[in-house]
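Here's the structure, in structure tokens; my notes come after.
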Amino acid sequence: MKFLSFTSIFSLILCIGLYSQVIRPVVTLIDDPLPANISHITADNDYYYTCTGGLSSKQEKTVHKINKYGILTGDLIKSYPFKSFNMRSIMYNKKDKHLYIATFDMKIYKILDLETGIVEECFKNAGSLYKNPKASPALDPNGKVLYVMDKGTITMYNFKDGKVIKTLSGFSYGEDNKDDLNTGKYGSGALAVSTNYIYTWDAHPKKKVIYVYDKDGNLITTVPISYGNWGFSLSYANGLVFVSNNGLNTVGYWNGYKLFDNE
């Protein structure tokens, strides 16, 4: 039989007390997704970067884009059109100092030049790494592991060659409405990864919670949040866990929550 140390018990009590009430964001960022949905957010040392995905209400050729914001001010610096790239997530790799995007056709691209839109496809010989086009892959801050979730199962890939490292299951997430064609809007394919934790969430208006796990898949705590409705948007950037308030063809809001001081 395993016994918890005094420190472990104290930490558990602290977590329970800390998240017994709904928490509010410490950062709010206004994002302009038109004419698509705001999908994901990442950050380097100086800027936030957001990306768009989905189709416009006209279902025509949607020109997706990446928006760049100042971390200190939250002001929009510049928008970069990314034409036919229907982006699910955007990731910053601090090892090589490049942005990466994951797209609806389940491909990962390295952005070689943001200004000109030049990209390089990763894992060409591996084919599609995963099978859910609505998944929002996340890159570990160490730059070595890519995480992809699909309905409570997380697969970890070596970011160097695309090979599977391991699979974890049993994660909580937002259950999809079987009658809703917008599968994933409650979070069934979204996750965020920080140095010490894995995050999933349930964006259903009656739930609106973030689940926090350690890197072995053990549940640490559940955090009720005040704002956020777009299941695809769960992200980790600049020490904060972000989710967005978003509707098709409307201005959106990123809500950044500070969950731990050691992140």
Side-chain angles (χ1 to χ4, degrees), residues 19 23 25-29 31 37-44 48-51 53 71 87-94 99-102 108 130 132 134-157 159 168 170-174 184-203 207-246 252-263:
Y19 298 124
I23 67 169
V26 297
V27 169
T28 300
L29 184 69
D31 202 355
N37 293 300
I38 52 176
S39 297
H40 215 247
I41 184 171
T42 192
D44 59 18
Y48 287 115
Y49 301 88
T50 67
C51 68
I71 277 186
M87 293 171 279
R88 301 288 96 184
S89 63
I90 184 167
M91 302 162 279
Y92 176 70
N93 188 346
K94 65 181 181 182
L99 291 169
Y100 289 77
I101 54 173
I108 309 293
Y130 50 98
N132 181 1
K134 291 182 177 291
S136 303
L139 181 62
D140 192 290
N142 65 21
K144 297 178 180 180
V145 184
L146 182 73
Y147 290 71
V148 183
M149 190 178 82
D150 187 11
K151 296 180 179 178
T153 297
I154 292 176
T155 305
M156 301 161 61
Y157 300 88
F159 200 60
L168 300 173
F171 292 84
S172 296
Y173 60 93
K185 76 173 186 177
Y186 294 137
S188 65
L191 81 165
V193 182
S194 66
T195 301
N196 299 308
Y197 305 106
I198 298 172
Y199 306 90
T200 63
W201 81 310
D202 190 337
K207 290 287 186 70
K208 207 170 293 188
V209 295
I210 295 173
Y211 304 100
V212 184
Y213 297 84
D214 64 21
K215 288 296 185 69
D216 293 319
N218 300 304
L219 182 65
I220 301 299
T221 188
T222 300
V223 185
I225 58 175
S226 51
Y227 301 106
N229 67 358
W230 194 234
F232 306 99
S233 66
L234 183 65
S235 312
Y236 178 80
N238 192 33
L240 306 175
V241 178
F242 280 88
V243 294
S244 72
N245 279 78
N246 179 58
Y253 295 86
W254 282 103
N255 310 288
Y257 296 92
K258 185 68 174 178
L259 302 190
F260 299 100
D261 290 331
N262 64 336
E263 289 284 286

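Checked by atom type and distance alone, the side chain of N255 never pairs as donor or acceptor with a backbone atom of P25 at under 3.5 Å. With S136 contributing its side chain and F232 its backbone, the two residues share a donor-acceptor pair below 3.5 Å.
Side chain to side chain, Y49 and D44 meet the donor-acceptor criterion of an N or O pair below 3.5 Å. At a cut-off of 3.5 Å, with distance as the only test, no side-chain donor of D214 or N196 sits close to an acceptor on the other residue.
With values rounded to the nearest 0.5 angstrom, Y173 atom OH is found 14.0 Å from L191 atom CG. Going from atom CG of L259 over to atom CD1 of I220 covers 12.5 Å, rounded to the nearest 0.5 Å. Interatomic distance, K258 NZ to I23 CD1, rounded to the nearest 0.5 Å: 11.5 Å. In this structure, the separation between CD1 on I210 and OG on S172 is 13.0 Å, given to the nearest 0.5 Å. Rounded to the nearest 0.5 Å, atoms CD1 (I101) and OG1 (T42) are 12.5 Å apart. Distance check: N229 CG to N245 CG gives 4.5 Å after rounding to the nearest 0.5 Å.
By the 4.5 Å heavy-atom criterion applied to side chains, W254 and V243 are not counted as neighbours. For the pair Y213 and T200, the minimum side-chain heavy-atom distance is below 4.5 Å. Counting heavy atoms from C-beta outward, S233 and W201 have side chains that approach closer than 4.5 Å. Side-chain contact between V241 and L234: present, with at least one pair of heavy atoms (C-beta onward) separated by less than 4.5 Å. In this structure, I154 and V148 have side chains that are not in contact, with every pair of non-hydrogen atoms separated by 4.5 Å or more. Side-chain atoms of Y253 and D31, non-hydrogen and from C-beta on, never get closer than 4.5 Å to each other. Put simply, the side chain of L240 reaches to within 4.5 Å of the side chain of V27, judged on heavy atoms. Under the 4.5 Å side-chain criterion, counting only non-hydrogen atoms from C-beta, V223 is not in contact with V209.
Two rings, from Y211 and Y199, have their centers 6.0 Å or more apart. The aromatic ring centres of F260 and Y197 sit less than 6.0 Å apart.
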(request) Apply the test side chain to side chain contact (heavy atoms under 4.5 Å, CB included) to residues L168 and T153: give CA-CA distance (whole Å), side-chain angles for both, the deciding distance (0.1 Å), then the verdict. (result) CA-CA 6 Å; L168 300 173; T153 297; over 6 Å; no
(message) Between Y48 and N238, does the side chain to side chain donor-acceptor pair (under 3.5 Å) criterion hold? Intermediate values first, please.
(response) CA-CA 8 Å; Y48 287 115; N238 192 33; 3.1 Å; yes
(message) Is there a side chain to side chain contact (heavy atoms under 4.5 Å, CB included) between M91 and L146? Walk through the geometry before answering.
(response) CA-CA 10 Å; M91 302 162 279; L146 182 73; 3.7 Å; yes
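Between D140 and K215, at least one side-chain N (NZ, or NE/NH1/NH2) sits under 4.0 Å from a carboxylate O, which counts as a salt bridge.
Listed by chain and number, the residues in a side-chain contact (heavy atoms from CB on, under 4.5 Å) with N93 are K95, D96, Y100, L139, F159 (sequence neighbours excluded). Checked against side chain to side chain donor-acceptor pair (under 3.5 Å), S235 has the following partners two or more places apart in sequence or in another chain: H40.
When every heavy atom of M87 is checked against every heavy atom of S39, the shortest pair comes out as O-OG, 3.0 Å. Heavy-atom minimum distance, T195 versus E263: N-OE1, 3.4 Å. For the residue pair R88 and K134, the shortest heavy atom distance occurs at CD-CA, 4.1 Å.
The environment of Y227 atom OH is sparse: at most 12 non-hydrogen atoms of other residues, nucleotides or ligands sit within 6.0 angstrom.
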